[in-house]
Protein chains: 2
Amino acid sequence: MSTIEIIQQLKKNDIKPSLQRVSVLKYVDNHRNHPTVDEIYNELSPNMPTLSKTTVYNVLKLLYDKHLIQMITIDNKQVHFDADIKHHAHFICKYCGKIIDLDIPECINNINNELLNKNQIQETQVYYKGICKDCLIKHSAKIEKN
Amino acid sequence: MSTIEIIQQLKKNDIKPSLQRVSVLKYVDNHRNHPTVDEIYNELSPNMPTLSKTTVYNVLKLLYDKHLIQMITIDNKQVHFDADIKHHAHFICKYCGKIIDLDIPECINNINNELLNKNQIQETQVYYKGICKDCLIKHSAKIEKN
DNA sequence: GTGCTTGCAAATCGTTTGCAATAGC
DNA sequence: GCTATTGCAAACGATTTGCAAGCAC
């Protein structure tokens, strides 16, 4: 999305389009590789010397609360973000940490479960963990051992 | 499971049944409320004064690596564990943090996705986030605002 | 006695918090 | 000027690491 569209997107969701907010959302929107706070901060920082990591945290939380981005907690080291908010699953490689998108099975929202009862679902995350094809080749010896 | 069965379970998976390992697995097996490292440590500690939290971490990692327990990362504050290793989904309440089990839709493993390619899935986690029925009542005013 | 296991203390590091400085209407 | 936003520095807290002591065969 262009800067103009990012600003419109923010306004539509009652978020004042400050320079920092526009920059963060634009970065996440243009980089669909599930960036982390650090990656976003490190990329934006050179062009915005006064930007603080706290602000990146604040903006991301705001965008998440307003449902403009997804928060991906597949990696227990750090949180990843995704501007693609349509339902889809994520696969993480246990070796290299790379996260890739997968289509989500349609049925995932068919929860006719008496346990769900009156509990209200707001968000669904599907995570697959395993070994990506590159690491399967590279680490085949080590993996055999397990 | 009884202590005897826990020991058999460990042996079957080539894990020496030390007192610490038996205690941790037994605790997780008998408490299906998705305990955290801290909960496990705090519960076992009184009866095992020399037990260290490091050991609890070590044992849980070992049990996870040997597929005796699930590691649940639905909560980005701390990791939860589950001795129920059959596929099922988890729901977490954003207000009280309670985690409940849900049946997993059968289809979740039907991933005929060209993106999956040659990547190897070892583990599947389905997480639902929302508001549990108790909190829906308690916090209805606050929730309305959003 | 050799190798595996345990446990203490310290370090690490992602994230949060308190609060002062700043910007926008 | 008042409120929302930003940003620095410090705190926090879950997890990891280094290493020495203990245990088992």
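Nucleotides of DNA chain D with any atom under 4.0 Å from a heavy atom of chain B span, from 5' to 3', dA14(D) to dT17(D).
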Checklist entry - Does the pair D103(B) and H88(B) meet the rule for a side-chain hydrogen bond (donor to acceptor under 3.5 Å, both in side chains), with working shown? => result CA-CA 5 Å; D103(B) 286 344; H88(B) 62 283; over 6 Å; no

Item to check | Test side chain to side chain contact (heavy atoms under 4.5 Å, CB included) applied to L10(A) and L63(A), step by step | outcome: CA-CA 9 Å; L10(A) 288 170; L63(A) 298 175; 3.7 Å; yes

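Within residues 40-70 of chain A, the residues that have a heavy atom under 4.0 Å from DNA chain C are, in order of number, T54(A), Y57(A). Of all the residues in residues 1-39 of chain B, S18(B), Q20(B), R21(B) reach under 4.0 Å from DNA chain C with at least one non-hydrogen atom.
In this model, a donor atom of one side chain and an acceptor atom of the other lie less than 3.5 Å apart for S2(A) and E5(A). Under 3.5 Å, the side chains of Y64(B) and E123(B) contain a donor-acceptor pair of N or O atoms. With 3.5 Å as the limit, one finds no donor-acceptor pair spanning the side chains of Q125(A) and K129(B).
Residues in residues 6-17 of chain B take part in no side chain to side chain donor-acceptor pair (under 3.5 Å) pair, two or more places apart or across chains. Annotation: ring-ring contact (aromatic ring centres under 6.0 Å, His included) contacts involving residues 25-58 of chain A, sequence neighbours excluded, comprise Y27(A)-H31(A), H34(A)-H90(A).
With sequence neighbours excluded, the residues satisfying side-chain hydrogen bond (donor to acceptor under 3.5 Å, both in side chains) with D29(A) are R32(A).
Under a 4.0 Å N-O distance rule, the pair K61(A)/D65(A) qualifies as a salt bridge.
Between V24(A) and the options L60(A), I6(A), N58(A), L62(A), a side-chain contact (heavy atoms from CB on, under 4.5 Å) holds for only L60(A).
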